[in-house]
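Heads up: the structure comes next, in structure tokens.
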Amino acid sequence: MNSTSVTQNLSDPLQQCSSFHETTEAKIAKTLAYAVIILISLFGNSAIVLVIFKTQSLHNTTSYLIANMAVSDLLLPIFAMPRMVSGVYLQSNQWLIDGDFGLALCKLIPFFQDISTAVSTQSLVLIAIDRFYSVFYPVKATVMSSTPVKIAIPFTWLIAIGIHSPYFYIYRFYVYNGEIHCLLNWSPLLDNMKAQKFYFVVLSILLFILPLSVIACLYTAVVLRLKRQQFPGHYQSENARKLREKRNNAILKLCVVIVLVFIVCWTPFVTFVFLKFFIWETLDCGHPNPAFIVHFIAHSISAINPCIYFLFSSSYRQGLREIFPYVSHVRRFSRVLPAQEIEQLEMRARARTLSSYVKTF
């Protein structure tokens, strides 16, 4: 990777960002705001991964997918957020590190930021599929191992990497007034503006519209089934059935809240980029505050998600207390029943079911 091969003089005025001067107080406020979500994201997502790894009762498909999301969320405070903080004090897209290493960072930072979102989106879809299967086929879901999800998780990363692989071509160094800028440009391979619009539409469909549509359909079916409370397998004990219903409802609330937070955090960003491409029709950065706000809201999801897990799940809170005994008690919003309790009751129910079938024949 040779940085000099892609370094060009920036002569197109649409490729440069207009200068903007803001007060020192505003810069400090933005820096502190990002510092807060960076710390919460780093600690919270690391704690989620550790709790799931250390807690045997959380070794299930939903928790594995939540851990996958937590790992992807860690990419934001490591790569994306420091770049946003530096952008507060520098001209937008200005790059201080030159050479091959600087060029590598120019390509990798947006790459890791966006594969984080892609992995999280796919994980949300897989969680919805898992919830659907667990509610509609509870006995089969319990009997089946977590092997399928362990296979699916690496594919979420491979698919995300494949979708965003063009970043290694389109992100390059440009020199303007003696300053290095990291910008994306599809030329000379394609028309830059048309390619950006097309790529944005493709990503929006694949990573936002289509996944959320699938999730909405699956959770609608799950909610309807839970309301009717028609669960297959009448040989299950009444106690086991009630426990499973209660646990499914609690986990469903957790999953729906995660999806709603994803929508709330990423919709402003997607809308902003859509307006930028199809309404304003300019690549000029203009006033940086709207761009900063939509980026901050989108990035804050990595700090909000672990808080949701600990607030809505007693299993995660209990795991956190076991790993960090001095962590203060967190208010209980809803209780997700321990998986081991459910499994023991279901094993007894399946034993009775098998015995009944044997007697029948």
Side-chain angles (χ1 to χ4, degrees), residues 29-30 32-45 48 62 65-77 79-81 84 113-129 131 156 160 200-201 203-220 222-223 249-279 288-313 316 330-331 333-334 336:
K30 290 180 178 180
L32 290 177
Y34 258 108
V36 170
I37 64 172
I38 286 175
L39 292 175
I40 295 176
S41 180
L42 287 174
F43 173 78
N45 289 294
I48 286 294
T62 301
L65 292 169
I66 287 176
N68 192 45
M69 288 182 61
V71 172
S72 68
D73 283 344
L74 281 172
L75 295 177
L76 293 179
F79 292 97
M81 297 185 195
M84 288 299 300
Q113 171 182 301
D114 289 352
I115 68 169
S116 170
T117 307
V119 170
S120 294
T121 306
Q122 294 176 83
S123 298
L124 289 175
V125 174
L126 292 175
I127 290 174
I129 294 173
R131 288 296 89 210
T156 63
F200 167 74
V201 171
L203 291 181
S204 298
I205 294 174
L206 292 180
L207 301 179
F208 196 75
I209 298 174
L210 183 60
L212 292 180
S213 300
V214 172
I215 290 170
C217 293
L218 291 173
Y219 280 143
T220 299
V222 169
V223 169
N249 278 288
I251 295 178
L252 179 62
K253 291 178 183 178
L254 171 64
C255 296
V256 169
V257 170
I258 295 172
V259 174
L260 290 177
V261 169
F262 180 86
I263 295 173
V264 170
C265 288
W266 279 105
T267 298
F269 178 84
V270 175
T271 304
F272 178 81
V273 178
F274 175 83
L275 293 173
K276 184 178 178 181
F277 281 142
F278 299 100
I279 305 300
N289 280 335
F292 176 88
I293 292 172
V294 297
H295 275 91
F296 180 82
I297 294 173
H299 290 164
S300 65
I301 192 173
S302 65
I304 296 173
N305 277 342
C307 297
I308 293 174
Y309 304 143
F310 290 124
L311 287 174
F312 279 81
S313 174
Y316 287 98
V330 181
R331 182 180 177 183
F333 279 81
S334 79
V336 177

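- In this structure, CG in Leu254 is found 8.5 Å from OG1 in Thr62, a value given to the nearest 0.5 Å.
- Annotation: side chain of Met84 is not in contact with side chain of Phe296 (no heavy-atom distance under 4.5 Å).
- Note: Leu65 CG to Ile258 CD1 = 10.5 Å, rounded to the nearest 0.5 Å.
- Taking every heavy atom of both residues into account, Gly44 and Phe310 meet most closely at O-CE1, 4.3 Å.
- Of all the heavy atoms in Ile297 and Pro268, the pair that sits closest is CG2-CG, 4.4 Å.
- With a 4.5 Å cut-off on side-chain heavy atoms, Arg131 and Leu218 do not count as touching.
- Between Tyr316 and Ile66, the closest side-chain pair of non-hydrogen atoms falls below 4.5 Å.
- The closest side-chain heavy-atom distance from Phe277 to Val201 is not below 4.5 Å.
- Two residues are said to be in side-chain contact when any heavy atoms from C-beta on lie closer than 4.5 Å; Ile127 and Tyr219 meet this criterion.
- Judged as a side-chain contact (heavy atoms from CB on, under 4.5 Å), and not counting sequence neighbours, the contacts of Ser213 are Ile209.
- Figure legend: Lys253 and Phe312 shown without cation-pi pairing, the cationic atom not lying both under 6.0 angstrom from the six-membered ring centre and within 45 degrees of its axis.
- Relative orientation of the Trp266 and Phe269 rings is perpendicular, given thresholds of 30° and 60° on the angle between their planes.
- For the atom pair NE2 (His295) and CE (Met81), the distance works out to 11.5 Å, reported to the nearest 0.5 Å.
- Using a 4.5 Å heavy-atom cutoff, the side chains of Ile37 and Ser302 are not in contact.
- Listed by chain and number, the residues in a side-chain hydrogen bond (donor to acceptor under 3.5 Å, both in side chains) with Tyr34 are His299 (sequence neighbours excluded).
- Within the model, atoms OG1 of Thr271 and CD1 of Ile279 stand 11.0 Å from one another, a figure rounded to the nearest 0.5 Å.
- Partners of Pro211 according to the side-chain contact (heavy atoms from CB on, under 4.5 Å) rule, which considers only residues two or more places apart in sequence or in another chain, are Thr121, Val125.
- In this structure, the separation between CG on Asp114 and CZ on Phe79 is 13.0 Å, given to the nearest 0.5 Å.
- When side chains are defined from C-beta on, Val259 counts as touching Leu212, because their heavy atoms get closer than 4.5 Å.
- With rounding to the nearest 0.5 Å, the separation of CZ in Phe262 from OG1 in Thr267 is 8.5 Å.
- Listed by chain and residue number, nothing satisfies the ring pair (Phe, Tyr, Trp, His ring centres under 6.0 Å) test with Phe208 (two or more places apart in sequence, or in another chain).
- Leu207 has its side chain out of reach of Thr117: every pair of non-hydrogen atoms, C-beta onward, lies at least 4.5 Å apart.
- Under the side-chain hydrogen bond (donor to acceptor under 3.5 Å, both in side chains) criterion, Tyr309 pairs with no residue at all, not counting sequence neighbours.
- Checked against side-chain contact (heavy atoms from CB on, under 4.5 Å), Val264 has no partners two or more places apart in sequence or in another chain.
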Name every donor-acceptor pair, under 3.5 Å, that has one atom in a side chain of residues 67-76 and the other anywhere in the protein, sequence neighbours excluded.
residue: Asn68; atom: OD1; partner: Trp157; partner atom: NE1; Å: 2.7
residue: Asn68; atom: ND2; partner: Ser123; partner atom: OG; Å: 2.9
residue: Asn68; atom: ND2; partner: Thr156; partner atom: OG1; Å: 3.3
residue: Ser72; atom: OG; partner: Met69; partner atom: O; Å: 2.7
residue: Ser72; atom: OG; partner: Ser120; partner atom: OG; Å: 2.9
residue: Asp73; atom: OD2; partner: Asn305; partner atom: ND2; Å: 3.2

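- Scanning for side-chain contact (heavy atoms from CB on, under 4.5 Å) contacts around Leu260 gives Val256, with sequence neighbours left out.
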